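Quantities reported herein were computed from a predicted structural model and do not represent experimental measurements. Convention: sequence-line order gives letters A, B, ...; per-chain numbering from 1.
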Amino acid sequence: MADISVTLEEGGQVSLSSPATIGEALSALVSGKQRKNTIAVRANGKAVDLDAVLNADAVIAPILKDSDEGLEILRHSTAHIMAQAVRELFGRDVKIAIGPAIENGFYYDFLRETPFSPDDFEQIEKRMAEIADQALPFSHRHISRTEAIEMFRTQGEKYKVELLEEMEDETVSIYQQGEFVDLCRGPHIPNTSLVKEFKLLRVAGAYWRGDENRDVLQRIYGTAFFDRKELKKYLNDLEEAKKRDHRRLGKELRLFTVNDQIGAGLILWQPKGAQLRRLIEDYWKDEHYRHGYELLYTPHIARHDLWKTSGHLDFYSENMYASMEIDEVKYQLKPMNCPFHIGVYKSDKRSYREFPIRWAELGTVYRYERAGALHGLLRVRGFTQDDAHIFCREDQLEEEIFNILDLNLLILKTFGFSDYDIYLSTRPEKSVGSDDIWEKATMALKQALEKKGLGFEIDPGEGVFYGPKIDIKIKDQLGRSWQCSTIQVDFNLPDRFDMTYTGADNRDHQPIMIHRALMGSLERFVGVLIEHYAGAFPIWFAPIQARVLNITDDQAAYCEKVYNRLRKAGIRVEKDVRNEKLNYKIREAQMDKIPYMLIVGEKEKAGGTVTVRMRDGKNLPPMGIDEFADKVIEESRQGRGI
RNA sequence: GCUCACGUAGCUCAGGUGGUAGAGCGCAUCCUUGGUAAGGAUGAGGUCACCGGUUCAAAUCCGGUCGUGAGCUCCA
């Protein structure tokens, strides 16, 4: 038997006689807690099971329970155990499809006539626990592909057969625990006993291979952890997310509503929500003005032919509504604002001296969304983009992208978002323009990100039809990401619309166009803000900043006086003079998440003051009415940053 | 759009196997005038999403439409 040498990545080496398993090598190299917490190993860069056999020298690194990779392996194994439980409970009527680990959990897709019910979940979970108790090893084998096809075919597992038939390898990898066999690359945990803390969460339909023309499968989602506390925390977070759901808070706080008669995906902003939105818009306009933008207003419809020129009809029509006829001319509801800004551009002969031209508009657009995609404020059919178009020369492009990124990150930060992921999306299949133009535009974005030192990932084929884009996904308080900002470089529309400017050489040149939206859409952004702040908005854009509460009717007139004075001072204030107890009024103001409650009783009335109770329950000492107004104004100014 | 589930007062929800509806909150009126998260009483609110069918009779069964939710797909 030849000796093989196994090196531990973090230091240490051992010689073993071949063949030896990873587990044996590991035991020789590490001990105690680390050995116990190792559930798989990365050997020469490849993740493998502990009982994998080593035939040659290897460099290994343990995969520990508390690593992301470890958790992923656990969840993947849990998916197998769930499939085993389902198989044992429901037999061969169920066909198994695929069952990967996903972010925060796992799923497994099944074909079954009757839908899984929540009652089934209990049964499945119980069976899973039994399987875990049996501590069944996950045994790994390689068999020939034809053998595997034969085996799954006799079991009637058509999806597995399909997957195998598309593979090209001679041999394939399968895993078995108990009687349950699955086609799987692995790795897995050593045995089922490690699966203690798991929970099945929901079931939903999913197409086989994501193709809506193929079988609809039932996807059972679940999650698993090594540690009970972490499972609890996760389930807690789910509860917390439910409490923060913007649809629920939007209703409770009277921010927005939708109405069957008006239509799905069309938002009605109630007074409080409209106030919130106005504050956001005002801030946005001010900040844009400071950053060298001018504002535009453009209409909601335009002649059909415009969209032919722009390319929308060829490349974006599935998102557009049917045209309408006005005096025998076809018109089209706008899905984007860009052609209108181009129209403004073309209203004059442009000179290079005007550049860069920065035009912004809170432009309301309408896009067709499939009924099933609609979701509260986050996915709607009519929405207002905080759109802008920058027209510039090629030599100004980089600086303009820098400027946009700076403004973008500033605005996000002001709203409390300083954690984000950045993506660079490249040319999609359906698109206009030549390859070298796309290449140029993509490089411009890429270099700008690199020079700014902003890390990013490439999202291949996810650009817009007229150009590549940078997307910024912000992370909220619960760590969830939301796509809002987008920056797109476009050499194509200027060409299609035959846009020109006169250069220093007195000749015509074509400008470059940058499209960008920072908040994305007001609807989505407000939805994200609601969830991020759980409805308790910072003072500077809280729709209501203060509510005056009198203790008895004797202070009703004083209450009124405080209210009027604050309102005149520009404070967004309400009064509650109802014949109710103070406790009751406080409770209600608290549930309305109002930042400041101003309590006025005999003392305050006599002294001309207010007692301030903050949203966190703490009290400030009594202060004068104007003093309070100044305090709120100053805090708002600071929050807004202008 | 597809799969599954759901659609009862402003809101949150009850209403085995068909006999034209209930609660809590909110709202109105009255009593109470009470200092930091719900005082009490009385009362007004519903063509049970909409359309059609089965039935002597439908909120309840069946079909369709619209809407909502979880996903698939898609994206600001």
Side-chain angles (χ1 to χ4, degrees), chain A residues 107 109 111-112 114-118 201-221 245 247-248 251-252 254 257-265 316 318-319 335-337 363-365 367-387 425 462 464 469 471-473 482-486 488 515-525 527-528 549-556 578-592 597-604 611-615 617-619:
Chain A
Y107 67 79
D109 285 344
L111 179 73
R112 185 185 177 221
T114 43
F116 289 106
S117 70
L201 297 170
R202 66 180 88 88
V203 59
Y207 301 108
W208 169 233
R209 311 192 107 174
D211 182 342
E212 60 184 295
N213 298 311
R214 309 203 54 180
D215 292 350
V216 177
L217 308 172
Q218 295 189 63
R219 176 170 297 176
I220 300 181
Y221 287 88
D245 190 317
R247 294 164 298 181
R248 172 199 172 114
K251 195 175 269 179
E252 284 175 5
R254 312 276 135 99
T257 184
V258 283
N259 179 302
D260 282 12
Q261 288 193 322
I262 287 163
Y316 205 71
E318 67 270 26
N319 292 296
M336 290 192 197
N337 301 302
T364 303
V365 298
R367 296 185 187 170
Y368 173 71
E369 291 292 342
R370 303 168 93 179
L374 301 174
H375 183 87
L377 291 175
L378 299 177
R379 179 131 240 108
V380 294
R381 284 178 172 161
F383 56 97
T384 301
Q385 292 184 304
D386 66 316
D387 209 355
S425 300
E462 292 301 313
V464 205
K469 61 174 181 170
D471 283 334
I472 300 179
K473 295 191 181 175
W482 308 95
Q483 196 200 317
C484 293
S485 312
T486 182
Q488 307 161 355
H515 311 238
R516 42 113 286 190
L518 310 184
M519 300 183 292
S521 83
L522 267 306
E523 284 75 8
R524 170 171 294 176
F525 198 68
V528 174
L549 317 176
N550 59 331
I551 292 173
T552 75
D553 289 347
D554 289 342
Q555 303 92 39
R578 290 175 304 173
N579 177 13
E580 295 290 353
K581 287 193 171 179
L582 182 62
N583 274 347
Y584 184 89
K585 294 185 185 184
I586 285 177
R587 178 182 146 83
E588 226 163 66
Q590 196 74 45
M591 292 195 306
D592 289 342
M597 293 171 223
L598 305 180
I599 291 153
V600 297
E602 278 308 304
K603 268 188 300 185
E604 290 80 5
T611 294
V612 182
R613 179 191 159 110
M614 297 185 291
R615 201 153 44 182
K618 290 189 188 121
N619 265 354

Atom C1', compared across G45(B) and C25(B): separation rounded to whole Å: 14 Å

Consider the side chain of R247(A), meaning its heavy atoms from C-beta on, and name the nucleotide among U36(B), A76(B), A70(B) that approaches it most closely. A70(B)

Would you measure the distance from the C1' atom in A9(B) across to the matching atom in A5(B) and give it in whole Å? 24 Å

Any side-chain N or O of R379(A) below 4.0 angstrom from OP1/OP2 of C74(B)? no

Would you classify E369(A) as touching base, sugar-phosphate or nothing, given that sugar-phosphate means primed atoms plus P, OP1 and OP2, and contacts are heavy atoms under 4.0 Å? base

Using a cut-off of 4.0 Å on non-hydrogen atoms, how would the nucleic acid contact of R112(A) be classed: base, sugar-phosphate, or nothing? nothing

Side-chain-base donor-acceptor pair under 3.5 Å for N619(A) and U36(B): yes

I'd like to know if D553(A) reaches the base of U33(B) with its side chain such that a donor and an acceptor end up less than 3.5 angstrom apart. yes

Is a donor on one side and an acceptor on the other found under 3.5 Å between the side chain of K585(A) and the backbone of I599(A)? no

May I ask you to test the Q590(A)-R615(A) pair for a side-chain heavy-atom distance under 4.5 Å? yes

Please give, in whole Å, the distance from C4(B) C1' to L111(A) CG? 14 Å

Nearest-Å distance once atom C1' is located in both C2(B) and G18(B): 33 Å

Under 4.0 angstrom, heavy atoms only, what part of the nucleic acid is Q590(A) near: base, sugar-phosphate, or nothing? base

Is NZ or CZ of R202(A) both nearer than 6.0 Å to the six-membered ring centre of Y221(A) and within 45° of the ring axis? yes

Complementary nucleotide for U20(B) - Watson-Crick or wobble, under 3.5 Å: none

Under 3.5 Å, side chain of R379(A) to main-chain N/O of R524(A), donor-acceptor pair present? no

Could you give the distance separating C72(B) and C13(B) at their P atoms, to the nearest angstrom? 24 Å

If A14(B) has a Watson-Crick or G-U wobble mate with both distances under 3.5 Å, name it; if not, just say none. none

Nearest-Å distance for atom pair CZ/C1', residues R370(A) and G71(B): 13 Å

Side-chain donor/acceptor contact of Y207(A) with base of G1(B) under 3.5 Å: yes

Taking only side-chain N and O atoms of H375(A), does any of them lie within less than 4.0 angstrom of OP1 or OP2 on A70(B)? yes

Between A23(B) and A14(B), how far apart are the two C1' atoms, rounded to whole Å? 7 Å

For G45(B), measure the glycosidic angle (O4'-C1'-N9-C4 for a purine, O4'-C1'-N1-C2 for a pyrimidine) and name it syn if it falls within 90° of 0, otherwise anti. syn

Base, sugar-phosphate or nothing for R219(A)? Non-hydrogen atoms, less than 4.0 Å. sugar-phosphate

C51(B) to C66(B) separation - C1' atoms, rounded to the nearest Å: 10 Å

Remember a base hit wins even if backbone is also touched, and classify A264(A) as base, sugar-phosphate or nothing at under 4.0 Å, heavy atoms. sugar-phosphate

Round to a whole Å and report the spacing from CD of Q218(A) to P of A70(B). 18 Å

Give K469(A) one of three labels, base, sugar-phosphate or nothing, depending on what nucleic acid heavy atoms sit under 4.0 Å from its own. sugar-phosphate

Pick base, sugar-phosphate or nothing for V380(A), based on heavy-atom distances below 4.0 Å to the nucleic acid. base

What does R613(A) touch in the nucleic acid at a heavy-atom separation under 4.0 angstrom: a base, only the sugar-phosphate, or nothing? base

Side-chain contact, heavy-atom cut-off 4.5 Å: T552(A) with L582(A)? no

Is there a donor N/O on one and an acceptor N/O on the other, under 3.5 Å, for the side chain of Q261(A) and the base of A49(B)? no

Tell whether E604(A) reaches the base of G35(B) with its side chain through a donor-acceptor pair below 3.5 angstrom. yes

Has D386(A) got a side-chain atom pairing as donor or acceptor with L518(A)'s backbone, closer than 3.5 angstrom? yes

Tell me whether the side-chain N/O atoms of K581(A) come closer than 4.0 Å to OP1 or OP2 in G40(B). no

Base, sugar-phosphate alone, or nothing: which one does T611(A) contact when heavy atoms must sit under 4.0 Å apart? base

Let me know the distance between CG of L582(A) and P of A37(B), rounded to the nearest Å. 8 Å

Strand partner of U55(B), provided both Watson-Crick or wobble distances fall under 3.5 Å: none

Tell which nucleotide pairs with U73(B), taking only Watson-Crick or G-U wobble pairs whose two distances are both under 3.5 angstrom. none

For the side chain of F383(A), starting at C-beta, report the closest nucleotide among A76(B), G35(B), U3(B). A76(B)

Is there a Watson-Crick or G-U wobble partner for A38(B) with both distances under 3.5 Å, and which nucleotide is it? none

Checking base pairs now: Watson-Crick or wobble, both atom distances under 3.5 Å. What partners U65(B)? A49(B)

Residues K469(A), D471(A): salt bridge by 4.0 Å N-O rule: yes

Quiz question: going by heavy-atom distance under 3.5 Å, is there a donor-acceptor pair between the base of C72(B) and the side chain of R209(A)? no

Under a 3.5 Å limit on both distances, the Watson-Crick or wobble mate of C27(B) is G43(B)

Tell me whether the side-chain N/O atoms of Q385(A) come closer than 4.0 Å to OP1 or OP2 in A76(B). no

P-based separation of G40(B) from U33(B) [nearest Å]: 15 Å

Rounded to the Å, how far apart are M597(A) CE and A37(B) C1'? 8 Å

Per nearest nucleotide of RNA chain B, the residue lying toward the 5' end, Y316(A) or Y221(A), is Y221(A)

E369(A) backbone acceptor or donor facing R381(A) side chain under 3.5 Å: yes

Look through every strand shown and name the nucleotide pairing with A9(B) as Watson-Crick or G-U wobble, where both distances are under 3.5 Å. none

Nearest-Å distance for atom pair CZ/C1', residues R381(A) and G1(B): 10 Å

Just wondering, do V600(A) and I551(A) contact through their side chains at under 4.5 Å, heavy atoms? no

Taking CG from D554(A) and P from G34(B), how many angstroms apart are they, rounded to a whole number? 8 Å

Is there side-chain contact between Y207(A) and D215(A), with heavy atoms separated by less than 4.5 Å? no

Judged by nearest nucleotide, the residue sitting upstream toward the 5' end of RNA chain B, D260(A) or K251(A), is K251(A)

Integer angstrom distance from the C1' of C48(B) to that of C61(B): 16 Å

Between E252(A) (CD) and C25(B) (P), how many Å, whole number? 17 Å

